[in-house]
Amino acid sequence: MIKEGDADRSKVLDRTLDKLYEKKREVSTWKYVLLVVVYFFTNSIVSISASSMSDISFFGYNVPVYSFAGVFSSLANICVLILAMYFGEKGFFTALVVVVVQLPIIVINIILRHNLTSIPGVFNNLLTIIAICLVYFSNKKIRSVQKQMQDQAMKDVLTGLPNWFACTELVNQLANQRVPFAVVSVDLNGFKSVNDSMGIDTGNLVLMEIAARWKQIADDGLSGTLDFVARLSADEFSVIIRNYKSDEDILNTIKMYDTALEDHFYVSGSEFSISASFGYAVMYEDADTLEKLLPYADAAMREVKRQGSSNHIIRFKSDMASTEEGLQLESKVKAAIENGTVFYVLQPQFDMNHKLRGFEALARMKDEEGKLISTADFIPVAERCGLIDKLDGIVFRKASAFIGNIIRETGADIILSLNVSVRHLMMNSFPTEILQLLEMSGIPASQLEIEVTESIMIESMEKAKHFVEEIRNMGIQIAIDDFGTGYSSLSYLNSVPANLLKIDKSFIDEMNNGENSKAYVAAIISLGHIMGLDVISEGVEEEDQIDTLKEIGCDYIQGYVWGRPLSPEDAQKLVMESVK
Ligand code: C2E
Ligand code: MG
Ligand code: MG
């Protein structure tokens with residue numbers, strides 16, 4: 001038998017595949033031994049019972065022992081048939097030998113002892129031999145068809161390499177056996193352009209040539225490690241590397257697969273040069289579970305693509321995991337924005353007498369499993385990938401249409417507050433968008449409020465001020481959100497045409513923890529009032545915070561204490577109650 005890692009490594013891939021099937025087909029030795037023992041036991045009882053003259057009591061009846069001989073004989077036959085059916089060649093030959101060797105014994109018994117009662121035994125034996133052969137050969141035929149089907153299921157038809165399924169089976173087995181291995185995620189660079197420019201047939205020939213070069217390295221053990229190359233999908237491959245002594249061995253092996261692509265490809269009379277991106281991760285060093293390892297190798301491969309440098313090989317590093325999670329989140333956010341599955345909730349705002357002032361619309365997003373994604377996660381992602389204005393826009397349109405309807409139906413004097421991102425605010429189309437929003441929703445301008453965070457105003461003061469002034473001139477309200485976190489100067493605050501100051505939750509949290517903190521909030525409120533602004537406190541969670549805010553002259557509050565963010569339907573009910 002060829003041992004893995006031996007000099008003779010021919011057909012490593014095929015052998016690995018065979019091993020994968022064998023694992024499934026493996027039959028236990030103890031069952032085999034048990035069947036043989038039961039066979040000999042029942043068979044020896046056959047002749048003893050056949051010649052017995054005594055009776056046994058069976059449910060009150062006396063039954064002659066010899067009448068059980070047929071039962072034992074059938075049991076013995078079943079044993080050999082099971083051997084021939086389920087235990088492969090070993091079972092077949094064992095069954096054949098144990099039955100055939102009895103034939104001469106029975107014949108000698110008949111001749112020497114003139115025991116004619118044994119003659120049916122000869123026929124019984126001959127028929128059993130025929131049955132064993134029939135069972136074995138038809139089973140063998142079924143197995144060969146099965147093997148063919150398994151081959152097809154485990155092999156990629158185009159290249160003959162093992163496919164994704166075989167690759168998954170192997171890594172699962174290796175992980176179960178706790179064998180160290182490295183997974184290399186391979187993606188061809190620019191293969192799509194070969195397909196697009198030369199046609200799929202030529203593309204297929206190139207893939208076959210690449211597979212042949214890599215298969216040779218694995219089959220002939222040229223890399224010095226034990227490699228398994230699989231084609232996962234169109235131009236994606238995977239190499240599983242085992243039997244390495246050091247990290248350097250792994251890298252050298254991958255370099256060999258990379259170098260194998262250096263020689264140009266001559267296909268259909270054309271010359272091609274193809275390269276690939278190799279990202280890899282090592283089991284137990286880079287990841288402790290398969291669930292992590294495979295995405296890590298992919299993340300490293302994508303890092304190669306991102307860097308786009310001449311270095312085609314990168315090993316996974318822990319910071320790639322966050323990049324990878326970021327990418328996954330990015331695609332979720334993109335999908336939610338593009339499919340319009342972003343939705344909104346409405347958090348009520350009240351005056352100090354608990355009278356409804358209005359609602360702040362807050363964006364919400366769910367992933368494919370229906371779990372809410374935190375705003376702290378998706379808002380920065382939407383900002384980073386330039387989709388925040390689209391996200392704002394969805395909330396703007398949906399929330400204003402809903403609140404516009406309520407205002408029309410009830411005549412309620414409520415305000416809708418919308419959060420705007422800096423990117424969105426500074427788009428030249430922003431004022432027009434707001435005008436359209438007013439027209440479409442029918443909300444009076446004085447009942448629409450745009451929240452601009454203090455930090456936006458500081459970072460891009462002049463430009464932001466210009467846009468804010470423009471919408472303020474339409475009669476729209478302006479709120480400065482998260483006030484206190486941006487360290488803005490007094491003179492600056494004075495120059496912004498806002499009408500509401502929103503004190504950030506962090507100050508409200510601290511407010512009752514000491515006189516200084518309370519004095520600080522009181523100062524902000526006074527400051528706002530001096531500049532002609534109303535002041536609302538955000539994130540009010542406790543009754544005694546309300547008491548303090550009343551004492552120091554706050555105008556409005558928004559917080560879980562009086563109202564968590566509500567579904568539009570619940571917000572509507574709240575409006576109905578407030579206008580009664
Ligand atoms: P924000 O505009 O300051 O909104 C207030 C945040 O405080 C909301 O979190 C709200 O749910 C939360 N909050 C209100 N009261 C309480 C309270 O009593 N306790 C606690 N612990 N939290 C409270 P949310 O919805 O997670 O929004 C976070 C931020 O995301 C918002 O801060 C806003 O800056 C941004 N955002 C939300 N929706 C949008 C949107 O449609 N567009 C843009 N550009 N940003 C949005
Ligand atoms: Mg806000
Ligand atoms: Mg805020």
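This chain uses plain numbering: 1 for the first residue, then up along the sequence. Every number for a ligand or one of its atoms is a count from 1 in the order of the listing. Remember, it's a predicted structure, so these values are computed and weren't measured experimentally.
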Exercise. Is it true that K505 lies under 4.0 Å from ligand 1, counting heavy atoms only?
Worked result: yes
Exercise. What do you reckon, does E383 put a non-hydrogen atom under 4.0 Å from ligand 1?
Worked result: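 It does not, in that no heavy atom of E383 comes within the 4.0 Å cut-off of ligand 1.
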Seminar exercise, completed: In this structure, atom 5 (C) of ligand 1 is nearest to the protein heavy atom E538 OE2, 3.4 Å
Exercise. Among protein heavy atoms, which lies nearest atom 46 (C) of ligand 1, and at what distance?
Worked result: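 Looking only at protein heavy atoms, the one closest to atom 46 (C) of ligand 1 is I379 CD1, 3.4 Å.
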With a cut-off of 4.0 Å, which atoms of ligand 1 are near a heavy atom of [X]?
| X | answer |
| --- | --- |
| E451 | 2 (O) |
| V540 | 18 (O) |
| A363 | 37 (C), 38 (N), 39 (C), 40 (C), 41 (O) |
| S421 | 44 (N) |
| E360 | 1 (P), 2 (O), 4 (O) |
| E541 | 17 (C), 18 (O), 19 (N), 20 (C), 21 (N) |
| G559 | 15 (N), 18 (O) |

For this session: Give the atom name of whichever N/O/S atom in D481 sits closest to the Mg ion (ligand 2).
Result: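 Atom name of the closest N, O or S in D481: OD2.
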For this session: Would you name the N/O/S atom of E451 that lies closest to the Mg ion (ligand 2)?
Result: OE1
Exercise. So do the side chains of I478 and I471 get within less than 4.5 Å of each other, counting heavy atoms only?
Worked result: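 Yes, side chains in contact.
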Problem set entry | Identity of the nearest option to atom 22 (N) of ligand 1, non-hydrogen atoms only, from Y344, Y560, F378, F396 |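 Checking each option, the heavy atom nearest atom 22 (N) of ligand 1 is found in Y560.
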Problem set entry | Per atom 43 (C) of ligand 1, closest listed option by heavy atom (D509, V345, D392) |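 Comparing heavy atoms across D509, V345, D392, the nearest one to atom 43 (C) of ligand 1 lies in D392.
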Exercise. Can you find an N/O atom of D482 closer than 3.5 Å to an N/O atom of ligand 1?
Worked result: yes
Exercise. Under 3.5 Å, N or O to N or O, is T375 touching ligand 1 that way?
Worked result: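 By distance alone, the answer is yes.
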For this session: Show your reasoning for whether side chain to side chain donor-acceptor pair (under 3.5 Å) applies to E449 and S417.
Result: CA-CA 4 Å; E449 186 170 73; S417 276; 2.3 Å; yes
Problem set entry | Within 45° cone and under 6.0 Å: R357 NZ/CZ vs Y556 ring | yes
Problem set entry | Three-point angle N419:OD1, the Mg ion (ligand 2), E360:OE2, rounded to the nearest 10° | 90°
